[in-house]
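The structure appears right after this line, and notes come after that.
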Protein chains: 2
Amino acid sequence: MADKAGGRRGRRAQGQGAEARPDEPILTRERIAATAVDMLDAKGLDGLTMRGLAEALGSGVMSLYWHVENKEAVFDLALDTVLEYRGPTALQDWRGDIVHVLEDWRATMLRHPWSALLLPRRALGPNILVRLERLSACLSAGGVADVDVNAAIWSLWNYVMGATVTRASFGPSDADREASQERLAELGTLYPSIGRSGLLLDDDWDGTFRRGLDFLLDGIAPKR
Amino acid sequence: MADKAGGRRGRRAQGQGAEARPDEPILTRERIAATAVDMLDAKGLDGLTMRGLAEALGSGVMSLYWHVENKEAVFDLALDTVLEYRGPTALQDWRGDIVHVLEDWRATMLRHPWSALLLPRRALGPNILVRLERLSACLSAGGVADVDVNAAIWSLWNYVMGATVTRASFGPSDADREASQERLAELGTLYPSIGRSGLLLDDDWDGTFRRGLDFLLDGIAPKR
DNA sequence: ACCTGAACACCGTTCAAGT
DNA sequence: ACCTGAACACCGTTCAAGT
């Protein structure tokens, strides 16, 4: 596709979205992060290679290693770039606030499906801590007892995590959907209960997410 | 380590655990699956290579491809092998039953941490459907309305999924733990709420799992 | 039907240099 | 301080054969 041997080195990357201002150095952690995100969005988790990344940035492969320890570090960088939280800061209705935080969380991750696969295996970056902090504050404001707060936070975390990871993986690919469609006849007899309820045919992901979240919040809400 | 060039071909694999009975063919889907599981247990997700798998089985690399489409298929095989559910079939206390199903689910996955990373990106194998079916039956038996059953199942699924994936990844490696320990001083000032509650210091994973699950089940339980 | 080695088109990263 | 190409030690998989 692109010219291979030609002297495109030192040139600016084009079309990959992360354009540098003319006076900026070609290689910075920020530009590396931004380009990695673009590449992950475009080609998925396995689509990111150091070689490809370098080419998109118009540099030699090994130049990256001056700015970045290794490929893992690139993943970390990309993940934290994507997870930045800018949300309203005013607290009002604690339950509504929590729903907002979690729906926003899920939405950002689904905008970059690779992030869902990535997050669980990385350490907690600052941008995730911000979100957890927010959650914690909401729960306390809602009157959840101190002893319950941690369990509540983790259960909410688990819930978004699970929902997002699931949705991100066999959500969009309809090959799976068709496969389950076909299997549905035998399903009804082999697994009567989930066959009857049409569990695998439900494609209202957003609605189901919201309804399950309500279950969880019902359980978390302080009893009176 | 092992002799490289020596004629070990056609010999049985030793020490890898998946010993063949002498009259059995060297390569079967079952032996491939079992050996893959052993290898994944021992060396993690990235530790499984077709070349290594073949060597452990005492065959040439390409011989595997007669029994198996590609590496993805090996993952599928290994995952489904591990997820087999043998649990009591008698229904009694619906809530206790659900807790049992989920704790067993989580426990089996944590016994093979790679499975937690793998499951979300694969289609639902038969052994997972068995567990979902079980869940569905429990919920109905518990009086959960038909309209709520699907949302309830998915929320439970999300919960185990998230909890297991999280625990499997930054659970056992204590490098992360130490890192967060160090960051705790600044944490208190940057993130007062989660600093105060010691969210990141909580290491009672089992207890937290159980308590969060109770929140969820409280919300799911039919109101009266 | 089942197994094989050689070869291809990739990887991430080390190293010894260049400016 | 920043960038580089060549080389190393791997990958998964195609292909044309062997029995």
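Proteins come first, then strands; the chains are lettered A, B, ... in the order of their sequence lines, and each starts at number 1.
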I want to verify a distance call: between [options], whose nearest atom is closest to the [X] side chain?
X: B:K71; options: C:dT13, D:dC3, D:dG12; result: D:dG12
X: B:M50; options: C:dC11, D:dT4, D:dG12; result: D:dG12
X: B:W66; options: D:dT4, D:dG12, C:dC2; result: C:dC2

Decide yes or no for B:R29 and B:L77: does some side-chain heavy atom of the first lie under 4.5 Å from some side-chain heavy atom of the second?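 When only atoms from C-beta onward are counted, B:L77 and B:R29 do touch, with a gap below 4.5 Å.
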Once you round it to whole Å, what is the distance between [atom2] of [N] and [atom1] of [X]?
X: B:L45; N: D:dG12; atom1: CG; atom2: P; result: 13 Å
X: B:I32; N: C:dC2; atom1: CD1; atom2: C1'; result: 12 Å
X: B:E55; N: C:dC3; atom1: CD; atom2: C1'; result: 17 Å
X: A:M62; N: D:dG5; atom1: CE; atom2: P; result: 11 Å

Please determine, for D:dC15, whether a Watson-Crick or G-U wobble partner exists with both distances under 3.5 Å, and give it or none.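 Pair assignment: D:dC15 / C:dG5.
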Hey, does the Lys NZ or Arg CZ of B:R106 hover above the aromatic six-ring of B:F209, less than 6.0 Å from the centre and inside 45° of the axis? yes
Can you work out whether B:R51 or B:L27 has the more 5'-proximal nearest nucleotide on DNA chain C? B:L27
State whether B:H67 places a side-chain N or O below 4.0 Å from either non-bridging phosphate oxygen (OP1 or OP2) of C:dC3.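 Affirmative; the distance criterion is met.
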Hey, is the side chain of A:Y65 poking within less than 4.0 Å of OP1 or OP2 on C:dT14, counting only N and O atoms?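 Checking C:dT14 against A:Y65, no side-chain N or O comes under 4.0 Å of OP1 or OP2.
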For the residue pair A:N127 and A:D80, confirm or rule out a side-chain donor-acceptor distance under 3.5 Å.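 Distance-only check passes for A:N127 and A:D80.
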Just checking, is any N or O donor in the side chain of A:T208 or B:N150 under 3.5 Å from an acceptor N or O on the other one?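 No donor-acceptor contact under 3.5 Å links the two side chains.
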Sugar-phosphate only, base, or nothing, as touched by B:L48 at under 4.0 Å among non-hydrogen atoms: sugar-phosphate
